[in-house]
Undergrad: 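Structure provided below as structure tokens; questions to follow.
Order of appearance sets the numbers: ligands from 1, and atoms from 1 within every ligand. Keep in mind that what you see is a predicted model, and the values were worked out from it rather than measured.
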Amino acid sequence: MNAPDPVSLTSEAPQTDAALRRVLRADLLDFTADPGFALPQEATGVRWRPDHLVLIEDGHIHAVQPADQPVPAGWQSVPQEDHGGRLLMPGFIDTHVHCPQLDVIASFGTALLDWLNTYTFPAEKRYADPEVSQQGAQRFLSALWAHGTTSAVVFPTVHKVSAQALFEAAHAQGMRLITGKVLMDRHAPDGLRDDVVQAERDCIDLIDRWHNQGRQAFAVTVRFAPTSTPAQLAMAGLLCQTYPGTYMQTHVAENQDEIRWVAELFPDARSYLDVYDRDGLLGPRAVLAHGIWLDANDRAVLRERGAQIAHCPSSNLFLGSGLFDWAQAQREGVAVSLASDVGGGTSLSMLRNMQDAYKIQAMLGNRLTAWKALHAATLGAAQALGLSHEIGQIEPGHMADLAVWDWAHGPVAEHRDRLARDSHASLHERAFVWMTLGDERNLVETLIRGQTVFQSPL
Ligand SMILES: [Zn+2]
């Protein structure tokens, strides 16, 4: 797979406490390679470092070492934050989520196209108001942190101000965020349509202002093929070519009615995916949500372009969209990351989405290990986004974007975890129990650039 060039790390984010040194003590879990769909006992790439220290300085991971070894000179005076017996992981990366849709999460009774018209579009209209956009962005980012997610690829609304608000809020915290104003110039209600000329101008303004500004990156954001005219899709493809460091995000092959509609609107395209490919929208920085109903030709195109599928398990189940065959995508060399797709998805918790992902694969006769799921939400996503030099691992030089977790929350999980631990079951058994029974209530603390952005009230 083609690895994109690293995004610049020059940062002008506020650094109030960035020089502060911190030392965290916990059991570290991260990945050095893709465990794939190998059985747990055969999986490689799992890195388990029990009772280790993570030394943080200037927002970065300075060193990682066993807790029983002396810390380097100059670090003795830094008090250890003792999370002994807890799990410390890289912050999760959510590769597809809609900021304004916190307003419509858990809406009853529709599939994709009705759901957009009934719930989503009315909610998104309100984001034309800068104050609504700013409050929405702050609420949304705080919610991500409260679920252990430290990086995200985000859809705002069609309004430039909604992207601006997200960039500002993420930049203020030094959070890695990828977003861009949504492009939609047809098949959307009044107040939610742009036009080609104005949309291009807004995108270029946002690129000039925000792309590679600190940890912000711009994504050319096509809502989905039906809401853009061919002229707008061509403009979007041109933006991707003109600004090669930018990302591209959209939806593809989520729902059967949607696919039939795309076929009517674009009769010349070989497939839904081809609508994007023929305008040059697919490259190593392209993130396509869902991809449930792609064929082998489409998967070959994704592999060749180095584009990734953002698999959205809870959304696919909630909207009744279908069962994404992750193992097949893996066999055919397509990069797959994990995403919440809130508000089609029912939780920002990547753990809850992993639980749904496991059940979807079970329906398809596949076995999703905790290793594969956790890798996809950390190192796997970081690599697919070309950001593995910065996020996704607990590694010296990486940003200190971390989450501390309790192994269990509540009597049932505590009982089950104790059995797994005391019976000396495999580490995978314990991790799988955690993934399957855990959620945001297990989260103890979230750090971005070494600064606490969420702390459990307990
Ligand atoms: Zn979506």
Undergrad: What N, O or S atom of H96 is found closest to the Zn ion (ligand 1)?
TA: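 Looking at H96, the N, O or S atom with the least distance to the Zn ion (ligand 1) is NE2.
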
Undergrad: Vertex the Zn ion (ligand 1): angle to NE2 of H251 and OD1 of D341, to 10°?
TA: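 Rounding to the nearest 10 degrees gives 170°.
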
Undergrad: Identify, by name, the N, O or S atom of H98 lying closest to the Zn ion (ligand 1).
TA: NE2

Undergrad: Are F218 and H211 an aromatic pair by the rule of ring centers under 6.0 Å?
TA: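 Ring centroids of F218 and H211 are no less than 6.0 Å from each other.
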
Undergrad: Rounded to the nearest 0.5 Å, how far apart are OG of S151 and CG of L177?
TA: 8.5 Å

Undergrad: Testing T250, N255, N316 one by one against H290 for a side-chain hydrogen bond (donor to acceptor under 3.5 Å, both in side chains), which residue passes?
TA: N316

Undergrad: With salt bridge (Lys or Arg N to Asp or Glu O under 4.0 Å) as the test, would you mind laying out the steps for D34 and K372 before giving the verdict?
TA: CA-CA 7 Å; D34 183 358; K372 176 63 179 168; 3.1 Å; yes

